[in-house]
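One structure below.
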Amino acid sequence: SFWNFDPLFQPQSHPARDAHDTFFIKEPASTISIPEDYYERVKTMHENGGSGSIGYRYDFKREEAMKNLLRTHTTAVSSQMLYKLANQEGGFKPMRYFSIDRVFRNETMDATHLCEFHQVEGLVADYNLSLGDLIGTIETFFKKIGITQLRFKPAFNPYTEPSMEIFGYHPDLKKWTEIGNSGMFRPEMLAPMGLPENVRVIAWGLSLERPTMIKYRIKNIRDLFGHKVEMARTRTAPVCRFEAVN
Amino acid sequence: MPTLSVEKEKLFDALEKSYTDKEFDELCFEFGVELDEITSEREEALKSVTNKLSKQQIEALSDKIVYKIDVPANRYDLLCIEGLSRALKIFLGTMEAPNFTVLQPPISDSSPHMVMNVIQEHTEQIRPFVVCAVLKDITFTQERYDSFIDLQDQLHRNLCRQRTLVAIGTHDLDTLQPPFTYDARPPNSIQFVPLTHSSTDTSFAANDLLDHYEIDAACKHLKPYVPIIKDSPLYPVVLDANETVMSLPPIINGSKSKITLETTNVFIECTATDLTKANIVLDTVVAMFSQYCANPFTVHPVTVNYITNQKEVKSSYQTPLMAKRTELAPVNFCNSLIGINISPESMLQLCSKMQLGPAELIQKDDDAQTYLQVTVPPTRSDILHPVDIAEDIAIAYGFNNIVKRIPTTSTVGGEQPLHALSDLLREEIARASYTEVLTHGLCSLKDNFTALRHPISQAVHLSNPANIEYQVVRTTLLPGLLKTLQHNKSASFANGFKLFEISDIVLADDEHVNTQTIVGAKNQRHLCALYAGPTSGFEIIHGLVDRVMTLCEVQPDAAYIAKSFTSSGELNTEEKFRISRSGWTYTIQPQEDDGEDPMYFPGRSAKVLLTSPHTQDKQICIGTFGILHPEVLHNFDILYPTSSLELNLESLL
């Protein structure tokens with residue numbers, strides 16, 4: 001749980017940490033060791049705040065942080081990369097990261113949802129970044145996959161503030177639909193890592209399956225991912241291109 | 001995300017303005033809530049698969065339009081029509097944010113003092129805290145009453161974490177006699193008529209009541225909360241001066257103090273295991289419903305005394321806090337975070353729209369910069385840091401009005417080495433006519449072990465699998481490929497059916513370190529391929545092993561390559577051009593020499609052995625290949641002979 005939730009300033013009482021949404025591990029059930037001084041800084045931030053925050057003011061429990069689970073978002077790895085970036089030899093240097101990887105959620109399954117799926121995540125860590133930078137980066141990103149009309153809606157994530165849901169006018173569906181989530185990581189997350197105060201991290205993410213299913217008109221996620229995929233579909237799949245946008 | 005259901009007409013009444021659906025959707029978008037669904041009670045019942053109402057009953061339901069609005073999980077002030085309409089009016093500028101006043105009681109001997117005495121030694125064993133408040137001269141209508149109950153349900157579900165952290169009890173003050181007591185007592189000593197049995201006036205002892213709730217179908221909505229206190233030797237109980245049981249937290253209130261439409265004075269108690277949240281919950285209920293008091297937005301406090309068994313007061317506080325504080329955010333910080341450049345004065349106006357007014361501009365003595373000082377009302381417990389204030393200013397400004405930029409620092413991109421290798425090999429193996437698959441990481445114990453004729457050994461086991469298909473994280477990629485074969489029976493096998501996957505498996509490992517952390521497991525990137533067809537294809541799979549090694553710059557060792565010399569002692573053509581890394585060699589060793597893997601056909605499997613500088617020049621086994629045992633094929637319902645290969649790619653990096 002530690003890298004998946006706690007350094008991200010997601011409180012231990014958050015519903016997403018319930019067995020309803022997260023796969024916990026029976027064996028090995030507990031994390032064996034973590035960087036202790038960092039753990040203390042994270043605990044203090046949750047309990048008492050610091051760096052301008054009033055914190056959550058509850059009792060942070062070690063057993064909760066040490067519960068092993070299957071990661072629920074790729075941000076669990078982004079947190080590790082940012083921690084390494086803050087503590088690398090020579091100190092922090094501006095960096096851009098991306099990942100495309102598998103995540104696991106204990107959700108009700110239906111035609112478009114499985115217990116495992118993939119997320120695409122991008123982040124930029126640099127001095128004095130703003131929401132304007134985030135909007136510009138997101139627009140450039142989505143332009144590459146053929147979505148040029150975007151609108152941003154105020155949203156909430158425990159680890160980002162401000163947070164924005166990204167809505168795009170989908171050229172195939174011919175309607176506005178939610179295409180991603182984004183935000184600036186909270187200082188409560190960045191400060192205990194040791195990132196300099198004026199470093200801001202902007203991040204955005206989306207699922208991999210959803211845009212693919214929209215683009216290729218696939219109705220059931222099992223036709224795209226898993227052992228029930230028809231090999232005939234794989235064999236006739238075209239190269240992946242998007243409408244050229246200048 | 002919590003959802004608030006409101007009747008459209010009532011909402012527009014509260015907003016004192018009407019909108020088209022599209023206009024309202026737009027307003028929600030700008031503000032940061034989402035109009036998720038437009039429906040009606042009748043429509044819901046028609047659509048519902050669980051609802052078993054008759055046609056007549058459905059016709060009797062209302063067809064008034066209901067808006068279902070998703071609100072952010074951290075905005076407890078938007079969970080009822082009162083809160084949402086108020087927030088939207090303030091956002092639109094048609095209303096000023098209310099000022100909440102805690103009215104101090106007059107010092108008078110004749111009026112009973114509002115006091116809650118907590119028998120600390122007992123309550124701290126099960127549910128330590130309580131906070132209370134009194135709403136006076138309140139007027140309820142059926143609608144307001146329903147909203148009052150709904151808000152409590154919403155809070156119980158979300159912030160209170162299904163009543164485990166906080167539970168709310170509301171009572172008709174005029175039926176009770178202060179001072180009040182919060183105690184924890186043996187279950188069989190608590191006797192009362194619960195709210196669920198008001199009509200029959202049946203009295204229960206607390207332990208019997210919980211047993212009843214566990215089995216009675218009519219009360220099944222209370223069953224989930226029973227475990228919270230069931231096994232405790234002491235149950236929490238709230239009483240008045242006459243020992244009337246007001247509530248048995250967090251289960252049910254007593255019938256005696258129940259609220260009706262005629263109630264004019266309300267006593268609210270929130271018992272809790274988290275005091276911070278208890279205060280947020282109490283403040284929220286008061287903030288929302290004090291608008292219906294004769295003196296709107298006022299509340300009367302209660303003094304909570306934590307006392308010893310000897311009646312000595314150990315600590316004390318007065319609630320509700322109606323926590324109001326000021327917070328500072330530097331003006332430049334807000335502008336820079338958002339990426340705009342508005343004047344400090346405009347920021348003041350924007351703050352008022354977001355319930356952060358009154359706001360002022362402050363200059364600090366030792367600081368050149370101007371600070372924005374905002375008022376954080378009790379309805380905004382989500383404000384933790386100046387970034388929360390900056391976000392609200394951005395919302396009031398309009399996210400879609402911000403000019404976009406691109407971060408200017410140059411960085412150089414690249415792929416992780418393991419992934420770069422994986423992608424290159426995927427291309428090459430596809431070129432060898434293998435079709436790529438992507439299969440699930442979670443599988444059953446059967447698929448991962450016993451169906452492959454392996455004993456169940458160490459792996460990462462899930463504690464709450466959704467079903468048996470998700471018991472364990474795979475330690476081999478082979479079941480995924482075999483299940484793909486199983487599902488593609490209609491495909492042609494005449495010329496051989498070739499599949500491969502390059503993906504992670506997960507092994508239990510209590511030494512592997514990642515970011516200074518040892519979780520007890522590690523990922524490992526594997527390549528798995530199979531051939532199924534009219535013949536077993538052993539030599540084809542063997543050929544793939546050699547191909548992968550050539551591609552990864554690993555050369556066959558001297559013994560293995562002996563067969564590649566022509567009769568005149570020269571290397572054959574391809575071997576002449578091989579490029580390999582110094583010190584990297586491999587060979588194949590039949591498994592009969594060294595204990596066979598029962599997954600394979602006896603005498604028809606081999607190990608792939610690698611020697612490299614990374615292995616300190618010792619030979620390690622990086623994978624196996626061979627013809628699969630017929631039992632394995634039978635377990636996956638495969639009718640053709642099949643050979644497979646699985647290698648640990650990480651050793652080839």
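Letters A, B, ... mirror the listed sequences (proteins, then strands); counts begin at 1. Because only heavy atoms are used, hydrogens play no part in the values below, and waters and symmetry mates are left out as well, while side chains stay in.
- Taking Leu224(A), Leu114(A), Leu70(A) one by one and counting their heavy-atom pairs under 4.5 Å with chain B, the maximum is reached by Leu70(A).
- Looking at Tyr56(A), both its backbone and its side chain come within 4.5 Å of chain B, counting heavy atoms on both sides.
- Ranking Met66(A), Glu165(A), Met109(A) against chain B, the residue ahead of the rest is Met109(A), based on heavy-atom pairs under 4.5 Å.
- With a 4.5 Å cut-off on non-hydrogen atoms, Arg325(B) touches chain A through its side chain but not through its backbone.
- Between the Thr276(B) side chain and the Tyr58(A) main chain, no donor and acceptor come within less than 3.5 Å of each other.
- In plain terms, the two heavy atoms of Gly52(A) and Pro386(B) that are nearest each other are O-CD, 3.4 Å.
- Neither the backbone nor the side chain of Tyr39(A) has a heavy atom closer than 4.5 Å to any heavy atom of chain B.
- Neither the backbone nor the side chain of Ala329(B) comes within contact range of chain A; no heavy atoms are under 4.5 Å apart.
- For Val513(B), no part lies near chain A; criterion is any non-hydrogen pair under 4.5 Å.
- For chain A, the nearby part of Leu165(B) is the side chain; its heavy atoms alone come within less than 4.5 Å.
- Using a 4.5 Å heavy-atom cutoff, the side chains of Ile25(A) and Leu462(B) are in contact.
- Remark: Thr439(B) OG1 to Lys228(A) NZ distance equals 13.5 Å, nearest 0.5 Å.
- Contact of Leu328(B) with chain A is not made at all, since no heavy-atom distance falls under 4.5 Å.
- Heavy atoms closer than 4.5 Å to chain A are found in both the backbone and the side chain of Glu30(B).
- Considering only residues two or more places apart in sequence or on other chains, Ser182(A) meets the side-chain contact (heavy atoms from CB on, under 4.5 Å) condition with Leu134(A), Ile138(A), Met164(A), Ile166(A), Trp204(A).
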| message | One pair to check against side-chain contact (heavy atoms from CB on, under 4.5 Å): Lys153(A) and Cys28(B). What are the steps and the verdict? | response | CA-CA 9 Å; Lys153(A) 175 171 159 284; Cys28(B) 288; over 6 Å; no
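- Interface check for chain B: of the options Lys93(A), Met81(A), Glu230(A), the most heavy-atom pairs under 4.5 Å are formed by Glu230(A).
- With Asn68(A) contributing its side chain and Val519(B) its backbone, the two residues share a donor-acceptor pair below 3.5 Å.
- When side chains are defined from C-beta on, His227(A) does not count as touching Val437(B), because their heavy atoms never get closer than 4.5 Å.
- Neither the backbone nor the side chain of Asn523(B) comes within contact range of chain A, judged by heavy atoms closer than 4.5 Å.
- A donor-acceptor pair is defined here as one N or O able to donate and one able to accept, closer than 3.5 Å; such a pair exists between the side chain of Glu116(A) and the backbone of Leu442(B).
- Options Thr411(B), Asp392(B), Thr515(B) differ in how many heavy-atom pairs under 4.5 Å they form with chain A, and the most are formed by Thr515(B).
- Looking at Phe23(A), the atoms closer than 4.5 Å to chain B (heavy atoms on both sides) sit in the backbone and in the side chain alike.
- Listed here is the closest heavy atom pair of Ile406(B) and Gly136(A): CD1-O, 3.7 Å.
- Heavy atoms closer than 4.5 Å to chain A are found in both the backbone and the side chain of Phe29(B).
- Heavy-atom distances place the backbone of Phe31(B), and not its side chain, under 4.5 Å from chain A.
- Ion pairing of Asp274(B) with Arg57(A) is absent here, as no side-chain N (NZ or NE/NH1/NH2) approaches a carboxylate O to less than 4.0 Å.
- Side chain of Asn464(B) to main chain of Lys26(A): no donor-acceptor pair is present (N/O by atom type, distance under 3.5 Å, no hydrogens or angles).
- Nearest heavy atoms, Ser130(A) versus Ser336(B): CB-O, 3.0 Å.
- Here OG of Ser492(B) is found 14.0 Å from CE of Met231(A). Values are rounded to the nearest 0.5 Å.
- The heavy-atom pair separating Glu436(B) from Thr234(A) by the smallest distance is O-CG2, 3.8 Å.
- Between Thr31(A) and Ile518(B), the shortest heavy-atom contact is CG2-O, 3.2 Å.
- Heavy-atom distances place both the backbone and the side chain of Glu34(B) under 4.5 Å from chain A.
- In this structure, Glu26(B) pairs ionically with Arg151(A), as a charged nitrogen and a carboxylate oxygen lie closer than 4.0 Å.
- Note: Thr137(A) OG1 to Arg405(B) CZ = 10.5 Å, rounded to the nearest 0.5 Å.
- A 4.5 Å side-chain heavy-atom check between Leu384(B) and Glu161(A) finds every atom pair outside the cut-off.
- Ala73(B) touches chain A through backbone and side chain together, each having a heavy atom under 4.5 Å away.
- Between the side chain of Asn106(A) and the backbone N or O of Pro465(B), no donor-acceptor pair lies under 3.5 Å.
- Between Arg102(A) and Leu438(B), the closest heavy-atom pair is NH2-CD1, 3.5 Å.
- Using bins of under 30°, 30° to 60° and over 60° for the plane-to-plane angle, the ring pair His440(B)/Phe225(A) lands in the perpendicular bin.
- Atoms OG1 and CG, from Thr273(B) and Asp59(A) in turn, are 10.0 Å apart once rounded to the nearest 0.5 Å.
- The part of Ser410(B) that comes within reach of chain A is its backbone (N, CA, C, O), which places non-hydrogen atoms under 4.5 angstrom from that chain.
- Of the listed residues (Ser30(A), Pro28(A), Gly132(A), Ser163(A)), the greatest number of heavy-atom pairs within a distance under 4.5 Å of chain B belongs to Gly132(A).
- Two residues are said to be in side-chain contact when any heavy atoms from C-beta on lie closer than 4.5 Å; Leu337(B) and Pro162(A) meet this criterion.
- For the options Glu469(B), His461(B), Gln416(B), heavy-atom pairs under 4.5 Å to chain A are most numerous at His461(B).
- Residue contact with chain B, scored on non-hydrogen atoms closer than 4.5 Å, involves the side chain of Phe98(A) exclusively.
- Side-chain atoms of Thr517(B) and Trp3(A) include a donor-acceptor pair closer than 3.5 Å.
- For Phe5(A), there are no ring pair (Phe, Tyr, Trp, His ring centres under 6.0 Å) partners, not counting sequence neighbours.
- Within a 6.0 Å sphere centred on CD of Glu40(A), heavy atoms belonging to other residues, nucleotides or ligands number more than 12.
- A 4.5 Å side-chain heavy-atom check between Pro407(B) and Ile202(A) finds at least one atom pair inside the cut-off.
- At a 4.5 Å heavy-atom cutoff, the contact between Met95(A) and chain B is made by backbone atoms alone.
- Interface remark: Thr409(B) contributes backbone and side-chain atoms alike to the contact with chain A (heavy atom separation under 4.5 Å).
- Once rounded to the nearest 0.5 Å, the distance linking CD of Glu327(B) with CD1 of Ile54(A) reads 6.5 Å.
- Counting only N and O atoms by type, the side chains of Arg161(B) and Ser13(A) include no donor and acceptor under 3.5 Å apart.
- The shortest side-chain heavy-atom distance between Val387(B) and Arg200(A) does not fall under the 4.5 Å cut-off.
- Residue contact with chain B, scored on non-hydrogen atoms closer than 4.5 Å, involves the side chain of Val124(A) exclusively.
- The structure places CZ of Phe156(A) at 9.0 Å from CG of Asp388(B), a figure rounded to the nearest 0.5 Å.
- With a 4.5 Å cut-off on side-chain heavy atoms, Tyr38(A) and Gln516(B) do not count as touching.
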